[in-house]
Amino acid sequence: MSTLPFIPFTRPSFNQETIAAVGEVLRSGWVTSGPKLAEFESTLSDYFGGRPVRCFANGTSTMKIALQVLGIGEGDEVITTPISWIATSNVILSVGAKPVFVDIDPITRNIDLDKVSAALTPKTRAIMPVYLAGLPVDMDQLYALAKKHHLRVIEDAAQAFGSLWKGQKIGSFGDLVSFSFQANKNLSTVEGGCLVFNTADEAKLGEKFRLQGLTRQGIDGMDVDVLGGKDNLTDVNAVIGLHQLKQLPEFQARRAALAHQYFDALRSEMKSIGLDNLALQLPPENFTESNWHMFQVLLPLAQLNVDRAQVMTELKDLGIGTGVHYPAITNFTLYKNLGYQVSDTPIAEHIGRSILTLPLFPGMADSDIGRIVQALCQILKKHLKS
Ligand SMILES: *Cc1c(COP(=O)(O)O)cnc(C)c1O
């Protein structure tokens, strides 16, 4: 057991100004969706170059509403990746459509766009890529593919707030782009999400789905013409988001600096303790436009005599929290019962078994990186197969 303080794999950062602003909203007499939400949405719209933006209760409801806005449901298929948070494919199922899993690229760990064409059928309506750890797919290829096959795109950019593609912000171009503001994300409203639209009409439809399907025609003229839910974001959450946006550049700079410290520390530590030949796969380093939502390595399980769970337990005993993001979705009972097979997406299956998320968040100390890297390398060395 370590006597040093525990380092969680992530931790949100809220400053005193944010805490004071929440107090102000609570004292104001208006706590649910109101003026702060309107201000947050218009600030986000400016951030995304003037595109319409609406906020929702969480990233899951945001993506579900994106599907509803497109009228996707029974009989439709949506192409997506098996390596994501379960929400991505759950929302497809929840509107009655069918998720079609395409295997991933082993380097980026995102959907392999070269394999999408083979998965298309006359029922395919949309493609829903996920930007794992904040790393986008090849956006030129994505939109060329969508155009060629007349598909809509719902980008699950839950982890990619602040990431860029060729210098442009993710969300500032493209089709529907969904973000999550859940506690662990780079920009957090505690819980929340937003959808970036192309047209005011689709944004209006999104608004309708987020509040019971109400058509807004005055108190007496109230009517409902579609089945909506209760998925609004409150002013309490919105004011947190407004302050997080101000801190974002500072958060991003810190994440990038820490990620680069990881690369340096891992390389030098592995070399100095003779682990040069270990196939510990680091994230793609040349990708400088990532928001570094997570720092993930692939454990060289074939070279070890222990499994990932044991490595995680030993790290925890040394005061270091880690995470698994994610096992392939096809492993889950719900999906197995629907007939999905892990063997259909073998790269995802392999990576889902060996991927490990190391701590990375703006509040980390520089010295934490050295401690984590040393602990990980010692554990790997101890368990090398002879
Ligand atoms: C966080 C996340 C979601 C869901 O967002 P919630 O706000 O937790 O509902 C969806 N997809 C991915 C890839 C995520 O990381």
Side-chain angles (χ1 to χ4, degrees), residues 9-12 37 40 44 53-68 78-95 99 101-102 104-105 108-111 126-137 142 153-163 170-171 174 176-196 206 209-210 229-234 236-238 240-241 244 255 283 290-296 323-330 332 334-335 348 351-352 355 357 360-361:
F9 86 85
T10 188
R11 190 169 56 209
L37 175 64
F40 188 38
L44 285 169
V53 177
R54 295 295 181 277
C55 291
F56 301 92
N58 50 63
T60 307
S61 55
T62 303
M63 290 196 298
K64 182 180 177 183
I65 287 172
L67 289 161
Q68 291 175 317
V78 178
I79 304 267
T80 191
T81 166
I83 296 289
S84 183
W85 174 230
I86 186 71
T88 311
S89 54
N90 274 359
V91 293
I92 301 171
L93 290 177
S94 76
V95 298
F101 295 112
V102 167
I104 61 170
D105 175 294
T108 65
R109 305 157 191 175
N110 286 327
I111 190 168
I127 170 165
M128 199 188 267
V130 173
Y131 309 148
L132 193 70
L135 184 74
V137 296
L142 171 67
V153 177
I154 300 171
E155 299 181 32
D156 181 352
Q159 302 182 2
F161 200 98
S163 294
I170 292 300
L176 296 177
V177 188
S178 171
F179 294 93
S180 163
F181 302 138
Q182 186 262 344
N184 292 344
K185 302 303 195 305
N186 287 30
L187 184 148
S188 173
T189 60
V190 178
E191 297 283 359
C194 80
L195 190 61
V196 189
F209 277 111
R210 103 180 146 185
K230 178 72 161 69
D231 296 306
N232 56 306
L233 190 78
T234 76
V236 177
N237 302 104
I240 297 173
Q244 289 264 296
R255 284 179 179 274
S290 168
N291 68 356
W292 291 108
H293 175 59
M294 296 191 280
F295 193 92
Q296 300 179 291
V324 173
H325 307 90
Y326 299 92
I329 289 171
T330 44
F332 296 134
L334 172 68
Y335 288 82
I351 286 178
I355 200 161
T357 306
L360 180 63
F361 53 90

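Atoms within a ligand are numbered from 1 in the order they appear, just like the ligands themselves. Quick caveat: nothing in here was measured; it's all calculated off a predicted structure. In what follows, every heavy atom counts, from backbone to side chain, and hydrogens, waters and symmetry copies are set aside.
Without hydrogens or angle criteria, Asn291 side chain to Phe161 main chain gives a donor-acceptor distance under 3.5 Å. Without hydrogens or angle criteria, Thr80 side chain to Pro99 main chain gives no donor-acceptor distance under 3.5 Å. Judged by distance alone, with hydrogens and angles left aside, the side-chain atoms of Thr10 form no donor-acceptor pair with the main-chain N or O of Phe361 at under 3.5 Å. Side chain of Asp231 to backbone of Phe56: no donor-acceptor contact under 3.5 angstrom is found. Without hydrogens or angle criteria, Ser188 side chain to Phe181 main chain gives a donor-acceptor distance under 3.5 Å.
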Worksheet item: Can you check side chain to side chain contact (heavy atoms under 4.5 Å, CB included) on Leu187 and Phe179, steps first, answer last?
Response: CA-CA 10 Å; Leu187 184 148; Phe179 294 93; over 6 Å; no

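One distance of note links CG of Leu360 with CH2 of Trp292; it measures 8.5 Å at 0.5 Å rounding.
Atoms of ligand 1 lying under 4.0 Å from at least one heavy atom of Gln182, given by number and element, are 7 (O), 8 (O). Numbered from 1 in the order shown, with element, the atoms of ligand 1 that lie under 4.0 Å from a heavy atom of Thr88 read 11 (N). Interface of Ser84 with ligand 1, defined as ligand atoms under 4.0 Å from a residue heavy atom, comprises 13 (C). For ligand 1 and Met63, the ligand atoms under 4.0 Å from any heavy atom of the residue are 10 (C).
Heavy atoms of Asp156 found under 4.0 angstrom from ligand 1 belong exclusively to the side chain. By the criterion of a heavy-atom distance under 4.0 Å, the side chain of Val130, and not its backbone, is placed next to ligand 1. At a 4.0 Å heavy-atom cut-off, ligand 1 touches Tyr326 through the side chain alone.
Among all non-hydrogen protein atoms, the one lying nearest atom 15 (O) of ligand 1 is Gln159 NE2, 2.8 Å. The protein atom (non-hydrogen) at minimum distance from atom 9 (O) of ligand 1 is Thr60 OG1, 2.5 Å. Of all protein heavy atoms, the one closest to atom 5 (O) of ligand 1 is Ser180 OG, 3.3 Å. With respect to atom 3 (C) of ligand 1, the closest heavy atom belonging to the protein is Trp85 CD1, 3.6 Å.
The closest side-chain donor-acceptor pair between Asp156 and Thr88 falls under 3.5 angstrom. In this model, a donor atom of one side chain and an acceptor atom of the other lie less than 3.5 Å apart for Ser89 and Tyr335.
Of the options Ala158, Ser61, Gly59, Ala160, the smallest heavy-atom separation from atom 14 (C) of ligand 1 is shown by Ala158.
Within the structure, the closest approach of Lys185 to ligand 1 falls below 4.0 Å when heavy atoms are considered.
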